[in-house]
S.K.: 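The structure under discussion is supplied below as structure tokens; questions concerning it will follow.
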Number of protein chains: 2
Amino acid sequence: MLNTNENDYQLGVSMRNGNRCMGGWLRGKLKGCGYKMTLAREAILDVIVKNNDHLSAEDIYLKVMSSFPGVGLATIYRTLEILVCRQILYKFDFGDGVARYELAESKDFKGSKGHHHHLVCTKCSKVVDYTDFIDKEVKLLNETEEELSKKYNFNITNHFIQFYGLCERCRSKR
Amino acid sequence: MLNTNENDYQLGVSMRNGNRCMGGWLRGKLKGCGYKMTLAREAILDVIVKNNDHLSAEDIYLKVMSSFPGVGLATIYRTLEILVCRQILYKFDFGDGVARYELAESKDFKGSKGHHHHLVCTKCSKVVDYTDFIDKEVKLLNETEEELSKKYNFNITNHFIQFYGLCERCRSKR
DNA sequence: CTCAATGCAAATCTTTTGCATGCTA
DNA sequence: TAGCATGCAAAAGATTTGCATTGAG
């Protein structure tokens, strides 16, 4: 969907470490942890970087298939697991029993969306990313996080907010 | 786990409508919608009321089995679906691929926990209910909700917050 | 050359569904 | 008695795993 070259260009401009694009940066991040870079993994990273939009494993599989036919669905799952572990991806559940993934935020590259939360339609599963009020929200969450960490002896690494409701289209249907 | 009689007693005191306990109130709520009250449904409601603590369908199934052997797992799922639809239960996903349920809050009975959110250990799936800072949190969420509703034309019915991290025990293990 | 990574197929696990039968209202 | 609710078994759907083979470093 995205224009590849434009994407590479923007990222190239902001990074001078020899990697031409975010894909390169991610490759480095994986290799640095001892993972081998394979054609399958390249293709998967590529798809994720260029379609950063709540993709499911199946979505990714289908897209990877077109650039690298013969890839196995199991490889997609295995790679996604690594990427989630390495905190390169976030894994979400929007309530339909299918895991979805998006690039984690990182100050090191601009391809990821900024910090945002989700507004999910319980009928059609449409997802809106919103960033409105994020600052206030994040401030409160950070405070809460800190206090909860102390009180319950948790090492909190993440939070998750979602609003659920009916989108305009689904509402007018009934 | 809970003391049944004590539970019934407390609830009995607060309700004078002919139902002796929250289970009775719930039964009324179901019947009022045209659902038939069956032994299976009675048993399921009973288990939920007396073990209101993030139970999975399987958990509920096993507990119901002991008071009503012969119940089918499918019946558990079918009943839970109704209860969620009727907003008697909330359905949660704590990230381990298993749906969990707890009584929705209601001003009409006291058996439900108050409004709270969850702190989930990503290692052992332990869940802490916390109510700290809930007021501030809820205030912010309500504001956000209202503004999001307007801006994105969503009819927002629900929100969901969760913090993730490592609990003390899991942290010390590694 | 070594061992991590892969593809495929089978297995697993949760949840849903079809259908003949039972039970509530 | 009518038709909703049930149990059972099978199906569905997402994800994981075992294993022989491939390929990156």
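Just so we're on the same page: letters track the sequence lines, and every chain starts at 1.
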S.K.: Out of C:dT17, D:dG7, C:dT24, which nucleotide sits closest to the side chain of B:Val71?
M.R.: D:dG7

S.K.: Could you tell me how far apart A:Tyr101 (OH) and D:dA14 (P) are, to the nearest whole angstrom?
M.R.: 12 Å

S.K.: Send over the distance from A:Leu39 CG to C:dG7 P, rounded to a whole Å.
M.R.: 10 Å

S.K.: Between D:dG7, C:dC8, C:dT15, spot the one nearest the side chain of B:Arg78, thanks.
M.R.: D:dG7

S.K.: Which distance, rounded to the nearest 0.5 Å, do you find between the CG of A:Leu83 and the NZ of A:Lys29?
M.R.: 10.0 Å

S.K.: Could you tell me if B:Tyr152 and A:Glu168 have a donor-acceptor pair between their side chains, going purely by distance under 3.5 Å?
M.R.: no

S.K.: Can you figure out which of D:dA24, C:dG7, C:dT17 approaches the side chain of A:Thr38 most closely?
M.R.: D:dA24

S.K.: Scan side-chain atoms only and decide if B:His115 and B:Glu137 contain a donor-acceptor pair under the 3.5 Å cut-off.
M.R.: no

S.K.: Is it true that B:Asp59 and B:Lys63 have a side-chain N and a carboxylate O under 4.0 angstrom from each other?
M.R.: no

S.K.: For A:Ala40, which contact category applies under a 4.0 Å heavy-atom criterion: base, sugar-phosphate, or nothing?
M.R.: sugar-phosphate

S.K.: Looking only at the side chain of B:Lys36 (C-beta and beyond, no hydrogens), which of the listed nucleotides D:dT15, C:dA25, D:dA9 gets closest?
M.R.: C:dA25

S.K.: Can you work out whether A:Gly70 or B:Glu58 has the more 5'-proximal nearest nucleotide on DNA chain C?
M.R.: A:Gly70

S.K.: Quick one: which of C:dT6, D:dT15, C:dA25 gets closest to the side chain of A:Thr79?
M.R.: C:dT6

S.K.: In whole Å, what is the span from the CG atom of B:Asp96 to the P atom of D:dT15?
M.R.: 13 Å

S.K.: Nearest-Å distance, CD1 (B:Ile82) to P (C:dT16)?
M.R.: 12 Å

S.K.: Would you indicate, yes or no, if C:dT16 has its OP1 or OP2 atom less than 4.0 angstrom from a side-chain nitrogen or oxygen of B:Tyr77?
M.R.: no

S.K.: Would you mind reading off the distance between B:Phe68 atom CZ and D:dG7 atom C1', rounded to a whole angstrom?
M.R.: 10 Å

S.K.: Ignoring hydrogens and angles, state whether a donor on the side chain of A:Gln162 or B:His159 is under 3.5 Å from an acceptor on the partner side chain.
M.R.: no

S.K.: By nearest atom, which of the nucleotides C:dT15, C:dT17, C:dA9 is closest to the B:Val98 side chain?
M.R.: C:dT15

S.K.: Between A:Arg41 and C:dT6, is there a contact of a side-chain N or O with OP1 or OP2 at under 4.0 Å?
M.R.: yes

S.K.: Nearest whole Å is fine: how far is D:dA14 P from A:Lys91 NZ?
M.R.: 14 Å

S.K.: Please report the distance, rounded to the nearest Å, between CG in A:Leu73 and P in C:dA11.
M.R.: 18 Å

S.K.: Just how far, in rounded Å, is C1' of C:dC13 from OH of B:Tyr61?
M.R.: 15 Å

